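First the structure, in the form of structure tokens, and then the observations on it.
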Number of protein chains: 2
Amino acid sequence: MPTTPIIITARCPIRTTLELLGGKWKLLILFQLAQQPARLSELRRQIPDISEKMLIQELKTLMEHDLVARTNYGEVPPRVDYRLTDRGRLALPLIEAMRNFALQYENEKT
Amino acid sequence: MPTTPIIITARCPIRTTLELLGGKWKLLILFQLAQQPARLSELRRQIPDISEKMLIQELKTLMEHDLVARTNYGEVPPRVDYRLTDRGRLALPLIEAMRNFALQYENEKT
DNA sequence: ACCTGTACTAACCTTTTTGTCAGTATGCCT
DNA sequence: AGGCATACTGACAAAAAGGTTAGTACAGGT
């Protein structure tokens, strides 16, 4: 009896993760917020080439998935900041694994 | 003296990984090939909703980055198979981290 | 002579993702 | 009265990613 091959299905963990964290910016944003909570304008400086629209848009979907939380201080001019939620912190080992992958990949002799 | 925040740059490990492994299919393909080497037609069955074009195209870029290797047996009808390289195996902890993330995410009480 | 299975290529199109740019609201400062 | 700073929103456009379809080559089977 041969070993049963694992078959990829429509709902598998890899796909779930890609849906939650896929794309060019979400992991970078989470990584930055893991260093310290930040305001919009700070995040823009920390991730220099993101556009304001993408930053806001990505923060919004991260919030919808409860990975990031927003605090509005109700001041004028507006002051708002963003921080990781507990769920957001679940992504940190993944980010760490990505960093390890890239570093090891670059160290492999071709 | 405040702690220096880590600033995201144009070439950082997270971005390197996204370039190598980003997109809808590459990680699924690597995950499948980690179970056992496979022919094109087998991969198509194992990843049911990928199109043939995407499968070939993604395999090609994975090969260019030396994450996957191709063996052509020179038979007719053609027989070719694909397997992970050592570099490709470096992605396995990352895939494992994605799986953990998804499972923990789903277990969090809302 | 034709159909089958395998591993592709190429042209074309649709969808998704990302980016640009202009505009809104508010109160303070000059 | 006008400018500044902040955190947005919305219309639109460009670019990237993904998908569909048709076609190639070859040997074996019917």
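Since the structure is predicted, the reported quantities are computational estimates derived from the model, not experimental observations. We name chains A, B, ... by the order of the sequence lines, and we start the count at 1 in each one.
- Each of C:dC8, C:dT6, C:dT26 was ranked by its minimum atom distance to the side chain of A:V76; first place goes to C:dT26.
- Using a 4.0 Å cut-off, no side-chain N or O of B:R39 falls inside it from OP1 or OP2 of C:dT6.
- Regarding contacts with the backbone of C:dT26, every side-chain N or O of A:R79 stays at 4.0 angstrom or more from both OP1 and OP2.
- Here C:dA7 presents its P atom at 15 Å from NZ of B:K60, a figure rounded to the nearest Å.
- Listed pair A:S41 / D:dA5 fails the phosphate criterion, with no side-chain N or O lying under 4.0 Å from OP1 or OP2.
- Atom OH of B:Y82 is separated from atom P of C:dT6 by 14 Å (rounded to the nearest Å).
- In this structure, CG in A:L62 is found 9.0 Å from OG1 in A:T85, a value given to the nearest 0.5 Å.
- B:R70 comes within 4.0 angstrom of sugar-phosphate atoms only, judged by non-hydrogen atoms across all strands, and of no base.
- Between A:L43 and the choices A:I56, A:I50, A:L33, the side-chain contact (heavy atoms from CB on, under 4.5 Å) rule is met once, by A:L33.
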Pair up each side-chain donor or acceptor in residues 17-30 of chain B with any protein partner under 3.5 Å, not counting sequence neighbours, and list the distances.
from: B:T17; atom 1: OG1; to: A:M98; atom 2: O; distance (Å): 2.9
from: B:T17; atom 1: OG1; to: B:P13; atom 2: O; distance (Å): 3.2
from: B:E19; atom 1: OE1; to: B:R11; atom 2: NH2; distance (Å): 2.8
from: B:E19; atom 1: OE2; to: B:R11; atom 2: NH2; distance (Å): 3.2
from: B:K26; atom 1: NZ; to: B:G22; atom 2: O; distance (Å): 3.0

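- As judged by a 4.0 angstrom heavy-atom cut-off over every strand, A:Y73 is placed among residues making no nucleic acid contact.
- We find that CG of B:L55 is positioned 14 Å from P of D:dT20, with the value rounded to whole Å.
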**Request:** Would you give a per-nucleotide map of nucleotides 15-20 of chain C, 5' to 3', where B means the base has a protein non-hydrogen atom under 4.0 Å away, S means only the sugar-phosphate does, and - means neither?
**Result:** ---BBB
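- For the pair B:L59 CG and D:dG18 P, the interatomic distance rounds to 14 Å; values are reported in whole Å.
- One atom, CG of A:L40, and another, P of D:dA5, lie 16 Å apart when rounded to the nearest Å.
- Between A:R70 and A:V80, the shortest heavy-atom distance links the atoms CG-CG1, 3.7 Å.
- Note: CZ (B:R44) to P (C:dT6) measures 11 Å, nearest angstrom.
- Taking CD of B:Q32 as the start and CG of B:L55 as the end, the distance is 10.5 Å to the nearest 0.5 Å.
- Looking at the side chain of B:I56, the nearest of the listed nucleotides C:dT26, C:dC8, D:dT6 is C:dC8.
- Applying the ring pair (Phe, Tyr, Trp, His ring centres under 6.0 Å) test to residues at least two apart or on different chains, the pairs with a partner in residues 77-101 of chain B are B:F101-B:Y105.
- Listed here is the closest heavy atom pair of B:P37 and B:E42: O-OE1, 4.3 Å.
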